[in-house]
Visitor: 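Supplied in structure tokens, the structure appears directly below.
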There are 2 protein chains.
Amino acid sequence: MSNPQPSDRRQLFPLVSADIALFSIERERLRVLLVKRANEPERGRWALPGGLLRPDLDASLEDTARRILREKTQLSVPYLAQVATYSGPDRDPRGWSVDVLFYALLPLDQVPAVAGSKTEAVSWRDAHRPGTALAFDHSQHVAAALAKLRAKVERHALPLHLLPPQFTLTGLQKTVEAIVGRELEKSSFRRRLKGEDSLEEVTGGFERGVHRPAQLYRAAKGFVFEG
Amino acid sequence: MSNPQPSDRRQLFPLVSADIALFSIERERLRVLLVKRANEPERGRWALPGGLLRPDLDASLEDTARRILREKTQLSVPYLAQVATYSGPDRDPRGWSVDVLFYALLPLDQVPAVAGSKTEAVSWRDAHRPGTALAFDHSQHVAAALAKLRAKVERHALPLHLLPPQFTLTGLQKTVEAIVGRELEKSSFRRRLKGEDSLEEVTGGFERGVHRPAQLYRAAKGFVFEG
């Protein structure tokens, strides 16, 4: 297609933004982070952290997502991946918009998020029931991101990015249960882990402060969250 | 984030485009459609059909993809879905760009594509070996789209959108084999189809012109290509 003329730029260049569904585990439940919007549109409503692409600052939309998370929540995340891209003239009151939704995983031993300079407040919500009446199309965004995470875990990907650096197999099972939303049978879960090369035993590492301490495990080098 | 000022528009609004990896089956092989670019940039090189979003014409980027396919190949497709979104300052010589890659499936009984008004020529290539030196990052695009289609079929989704309205189980198996790139064992493939509710027998429908005609099947009502 030929190069657009300058007079067409407003029309040919829609708003481009990134939103992030950041998941973590707290008290054995899967949580998603919401922020209270400090600016229009939808000021004062709860939403996923999100914001506009800055071509002068960002080398990719993944960069945009990481920058926004830092600005709005002061958090850095090890794992971030695309869920889907939403687009159309009616999603955002400012006009035709393209919004790339990411999901990210935060280990449960990290400090809870605090509000950044561009956010009034943050809140960790139950990811399976984040509340209705979120800003924009963010209720559907949470559902889509959760479905993606859940499908990956159902296909046997281990969500090790949600765990602390060392964890027990029981802790791993509870994390998987928190994502899929149901209890799993212990013996079949353990069978599934046999020969799993993304897990390795911590030599001589055991839980502390419990009567019968369990073996500790960690993610093997080069672990990737695939599935 | 606050409303961008008009003077910032050029910077805040990158190029937004859609590309389509259109797959079909021809002579029992999975093919992907390439077009020879009629315009700069990359004029004369082979590429996936793609083009810029037109907010004045398109209700979504899915719409953009379908419009571009019509313009460049005169084809309409029943199935179209997102693969991923690519972004950054260096993918396109025209500047910071956001490109949403879709894949689409065309039934093998459809007429082959002819060049549209915006394309010099079209070519159906072996999807597993589309050739090197495609325009932009389109060699990686083909690989990513194929990986998505293949993963879906490996997870037992039936690629019925690639088949004619009525087909035999042998035809179905050959289509799956063309996608995954290896032969499958017939009896285990047939076992997998047992209780598959997306398939239904055509009552009294059999192949024609062969010695021992096989039962014909079709996609059940409400079939969705999920997995």
Side-chain angles (χ1 to χ4, degrees), chain A residues 1-4 6 8-18 37-41 43 50-65 68 71-72 81-102 118-119 151 154-155 226-227, chain B residues 1-4 6 8-18 37-41 43 50-65 68 71-72 81-102 118-119 151 154-155 226-227:
Chain A
M1 210 167 261
S2 59
N3 221 342
D8 295 326
R9 286 199 178 275
R10 179 168 180 168
Q11 189 171 24
L12 286 172
F13 297 75
L15 280 164
V16 177
S17 59
R37 289 181 60 82
N39 294 307
E40 295 295 347
R43 183 173 174 174
L52 295 177
L53 165 68
R54 290 278 307 269
D56 54 330
L57 295 179
D58 307 329
S60 65
L61 280 158
E62 282 72 10
D63 256 28
T64 309
I68 288 164
E71 288 175 1
K72 296 213 172 179
Q82 287 182 18
V83 177
T85 296
Y86 300 86
S87 59
D90 305 319
R91 308 180 46 260
D92 190 302
R94 289 167 289 185
W96 221 105
S97 67
V98 174
D99 180 43
V100 184
L101 173 62
F102 293 88
K118 296 194 170 178
T119 311
E154 301 265 16
R155 289 197 304 276
E226 278 178 336
Chain B
M1 209 167 263
S2 59
N3 222 341
D8 296 325
R9 284 199 178 274
R10 180 168 178 168
Q11 189 172 24
L12 286 172
F13 296 75
L15 281 162
V16 177
S17 59
R37 289 180 61 83
N39 292 307
E40 295 295 348
R43 183 173 173 176
L52 295 176
L53 164 69
R54 289 279 306 267
D56 54 329
L57 294 179
D58 306 328
S60 66
L61 281 157
E62 280 75 9
D63 255 29
T64 308
I68 288 165
E71 288 176 2
K72 295 212 171 179
Q82 286 182 17
V83 177
T85 296
Y86 300 86
S87 59
D90 305 321
R91 308 182 45 262
D92 190 302
R94 290 167 289 185
W96 222 106
S97 66
V98 173
D99 180 44
V100 184
L101 173 63
F102 293 87
K118 296 194 171 178
T119 310
E154 301 267 15
R155 290 198 302 276
E226 277 179 337

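Convention: sequence-line order gives letters A, B, ...; per-chain numbering from 1.
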Visitor: Could you have a look at A/Ser87, A/Ala84, A/Gly88 and say which one has the most heavy-atom pairs with chain B under 4.5 angstrom?
Guide: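 The candidate making the most pairs under 4.5 Å is A/Ser87.
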Visitor: I need the minimum non-hydrogen distance between A/Leu61 and B/Trp96, along with the two atoms involved.
Guide: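 So the minimum-distance heavy-atom pair works out to N-CH2, 4.0 Å.
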Visitor: If you tally heavy-atom pairs under 4.5 Å against chain A, which of B/Gly95, B/Pro89, B/Ala59 wins?
Guide: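 Counting heavy-atom pairs under 4.5 Å, the top option is B/Ala59.
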Visitor: Quick check for you: among B/Asp90, B/Val83, B/Thr64, B/Asp58, which has the greatest number of heavy-atom pairs under 4.5 Å with chain A?
Guide: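 Counting heavy-atom pairs under 4.5 Å, the top option is B/Asp58.
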Visitor: Ignoring hydrogens and geometry, is there a side-chain-to-backbone donor-acceptor pair from B/Thr85 to A/Thr85 under 3.5 Å?
Guide: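 Checked: no pair found.
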